[in-house]
Structures are given as structure tokens and as C-alpha cells.
Protein chains: 2
Amino acid sequence: MCIIYTYMWQEQKIKIAVDAIVFGYSNNTLNVLLVKQKFGLLKDTWVLVGGFVQNNEALKDAVARELKEEAGIEVNYLEQLYTFGDDINRDPRDRVISVAYFALVNSTELHLTADTDADDAQWFPIYNIPKLGFDHNKIIEVALERLKNKLSYQPIGFDLLPEEFLFSELENLYCTLLNKEIDRRNFRKKFLSYNVIEETNKMGGKGTGRPAKLFKFNKQKYQLLEKEGFHFDIKFA
Amino acid sequence: MCIIYTYMWQEQKIKIAVDAIVFGYSNNTLNVLLVKQKFGLLKDTWVLVGGFVQNNEALKDAVARELKEEAGIEVNYLEQLYTFGDDINRDPRDRVISVAYFALVNSTELHLTADTDADDAQWFPIYNIPKLGFDHNKIIEVALERLKNKLSYQPIGFDLLPEEFLFSELENLYCTLLNKEIDRRNFRKKFLSYNVIEETNKMGGKGTGRPAKLFKFNKQKYQLLEKEGFHFDIKFA
DNA sequence: CATGTATGTGTAAATAATACACAATTATAG
DNA sequence: CTATAATTGTGTATTATTTACACATACATG
């Protein structure tokens, strides 16, 4: 039964890393943030933002640090996604277990600033991700699945949009990510019925056609309603 | 930018463990499996089944191994829950990050067999969990939340029941765990409408009252329907 | 054989989801 | 300046789903 102690005798040689899958959205396209490895075995291959956890550092702090160091960004939303540690050889150098985090930003407002070289960090459209180092393509797949699922039952779409947005942008986001056609009227009706997005008095349409109102998400109100048992739920035929 | 290499210079001293939250259900009560520490700082305190991961061992294999070694059981359902690594001092000895897994068994059919001492492993009703070592009380909370949520949109309730069960047992499970009253007729109607549970020709009521049919869950059929876009969804007023 | 207890079933009302079309507002082109 | 193209904004009828609700059936017990 003294399993724990048995294993303490055998020195553990596993390293622990964090990786961040950062999603951005602009021009009706979902993007993923990647960085280029500059050294080592995988020099010049693209990978997710990530790195090893420091001895006295919380996991989530490690992610925030890497995001700042490697891409110079702060994110709107961050949650733990999954811990990848079943494939013993996912890192060719050592046994590394990676705790993957899932992050959302509005990439239209975002400046990527890699320390030494501006080309180091870049957005890639989700339908055009290159072959990445480690198991990072797999990790992105898992993250995308999570994003799609959450979109329907948590109001995280707003973290991919600017503070103030057009209804057509919101609609496009849902259509694009869920790959479904939506009735514009029913979509708007349902969203408005939840009373969590508010009309501003600004207008935002720039192109042709009738100018559109800008809306914004009232997060406070949402959190209040949630405590009272309200369930966000956007589904389509 | 060479973050990864920077941290390799600083030797990482983090240990990685797995812990399993095993839920069982019997007598209309949800139970959690706990084991008693036999050595070390936390001797005689109750904790979750768990231990350190071996160098060449997949995370999920580590969990399965611990479950077998510490309690002698195999589980119906196992999924990764969350990785606890934000509290630097969650283990008083060293920095330990724990990947927690969430497991379901039908505890009525279950023999607990701890290697050396039968008292080592025991079921505790969820409403009567003692103060545990480490942050294990917290972990159980997270797991319970997950269980409650999943119950509504994945057919995992069956993994807590025997192969063949009464409708009243299924109903009780949902009532108890979700802490809601359910209309017996509507519950049955909805469940049957999904066509994933089948009537056997056996009867199973033992006590007083009209004898009841035994039903069983057809997992194959469920997985088939799922591929065709079917979504399991049990909600109540 | 009467009583208690749990099982098994149908229907009407209310609510939510879907399908669907046209007027309003601006930019642009002729 | 007028016509056209493009996009926003809105309501209602139909259908499907969810909810509420009550009584007959089968066995065990005394």
C-alpha cells in the first residue's frame, strides 16, 4: 500500500510544461497563435506558445508569463483545457507532460510583439495550420472541439469580439465556428431574450447597406442571472 | 525567446501525481472511495486513491494501476478531470502537481480489496466526507460538480448502476444527484423516446408493490445514434 | 380477500423553436 | 438627383417540445 513512497525511491524524471492555444477572430476567420522555435531539435518549426513551469510558479501564472514573453499579449479568457501525458514520447527530448490552456482574444485589437524578432509570433487561420512540433496539432484539435462546444452553453463568443460589436458579427461568429446556417431573425430574437447584450447608441456599419447599431455584452448582468439559475443556451436547427 | 532553454538550466523539481475520484452509487446514495494513509506526515488521514506517475507510464495507466493496487478495483468509466497545480503548497512535502481523474463504478457490485489491510479502502457517502489530506476535499467538490453537469448531457448515470436496473433506480439516481423532483411519467417517457434503454424480460422488484421490469442501457446503439448527430439531454423543470 | 405499496400508462395545456417576407436606411453608380 | 444594390431591422403563424396531472394494475402482507 505504500505506493507513494515506493515511487519516491525511484527518482521521477518527468518534466512539466504548459501550452496555450490562443484563439483570435477577425475577418470572419478563427485564428490560432503560433510561435516559431528558434533553437534546438525543432528549430524553425511552428509550435504553440508554451514552456516549462518554474518551481514556485502556479500553472496559470506560467501560462500568463509565456504569453507575455513569447507573444506580448494578455488574453480575455483563459481556462485549463487538458493535460497531455499519455504519449510518453510526445517530446523527443525527455518525458514531458503538458498542461494545455485554452485562451481567447479579440485578435483585431491585438499587437503581437515577440521579444527579439517580429516574425516569431503569428496568427494562422484555423483551416491552414502547418504541421507543428510535438503533438501540438492534436492539442489544437481538442481545443477547437472545446471551443465549439462551449460556444453553445457559455457566452464566450464575446471574448473573441471587440467590446462593441454588430449583431451581424456575432451572428457570423456563430455561423462560422459551428458551421451552420442560422435564421438571422431567430438568432437575434433568442439572444435578445436573454437580456445580456445591450444596445449602445453608437452605430458601427462602415460599408454599404443600412448602418447597424453597436451592441455590447453585459457580463455583470450575465453573472447575476447565472447565479439565479439562468442557463445560456444557443442551439440551431 | 529561448524560454524553454532558460528553464532547462534551472532544474525542475516538480513532481507529478495522479489522483482518482471514484464515485459509487448504492442505496440511493452517492459514495466516494477513500484510502487511509499508512505512513508519512499524513499517516491515518483519509485521501483519494493516487500516487506518483512512473517515468515510462501514461497518465491514465498510472491511475488504473493505483486503483488496482490501492483498492483492487477496475472502473466503468474514467476521464481526466482537472490538473491541480496552482497551489504551490498543496502537498506539504514537495511541489506536487496532481492530474485528477474522475471514475464511476457500481459500488453495489464492488469488492474493495486493499492489499495489506481491509480497512484501508472505504466508501464514504458524499454528504459525509471527512477532512482529507492535501487539497482532496476541494478536488472532490470539483468532481461532484462535473458529475452533476455531465449527467444531463451524457449517459454516464448507467455507469453507476448495475447492468440491469429498474426505472425507479435510474429515476432515483437523477433525483438524488441533481437534487430535483422529477415527474415519473415524463422522465420515463423522455428516456424511452431516446431508444437507448431496452426492456429485458426479467423482473427485478424485490420489496412490496407491483414488480418492475429490468431495463438495460444499449451503449452500442447510443454510440451509433451519437455519430448521427443525436444529443443526449435530460433536463428538468 | 382486503389493504398497502410501488409500477405502468395517456392526454390536454403551455411553452419554446422554427419557418418565413418585407420595409427601412445608407452608399454607390448612372 | 434618382435608381439600384446591399445590409439592417422587425412580427406572426406553425410546429415541436415540455410540462402538468390521475387512475388502473400487480404483487405482498396480514
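Chain A is the first sequence line, chain B the second, and so forth, proteins listed ahead of strands; every chain is numbered from 1.
- D233(B) has its CG atom 12 Å from the C1' atom of dT18(D), to the nearest Å.
- Screening residues 209-230 of chain A for salt bridge (Lys or Arg N to Asp or Glu O under 4.0 Å) gives E199(A)-K213(A) as the qualifying pairs, with residues at least two apart or on separate chains.
- Contact annotation: K190(A) reaches the phosphate of dA17(C) (side-chain N/O to OP1 or OP2, under 4.0 Å).
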Return a table of donor-acceptor pairs under 3.5 angstrom between the side chains of residues 166-177 of chain B and protein atoms on other chains or two or more places apart.
unit_1	atom_1	unit_2	atom_2	d
E169(B)	OE1	L166(B)	N	2.8
N172(B)	ND2	S168(B)	O	3.1
Y174(B)	OH	L151(B)	O	3.2
T176(B)	OG1	N172(B)	O	2.6

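- Taking the six-membered ring for Trp and the full ring otherwise, F165(B) and F158(B) have centroids separated by under 6.0 Å.
- Evaluation of the side chain to side chain donor-acceptor pair (under 3.5 Å) rule for E145(B) yields no partner, not counting sequence neighbours.
- Residue pairs that meet the side-chain hydrogen bond (donor to acceptor under 3.5 Å, both in side chains) test with at least one member in residues 125-134 of chain B, sequence neighbours left out, do not exist here.
- Atom pair E181(A):CD and dC20(C):P shows a separation of 12 Å (rounding to whole Å applied).
- Separating the CD1 atom of I182(A) from the C1' atom of dA17(C) is a distance of 14 Å, rounded to the nearest angstrom.
- With sequence neighbours left out, the side chain to side chain contact (heavy atoms under 4.5 Å, CB included) criterion links K235(B) to D233(B).
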Let me have a per-nucleotide readout for nucleotides 6-13 of chain D, 5' to 3', with B, S or -, counting only protein heavy atoms under 4.0 Å.
BBBBBBB-
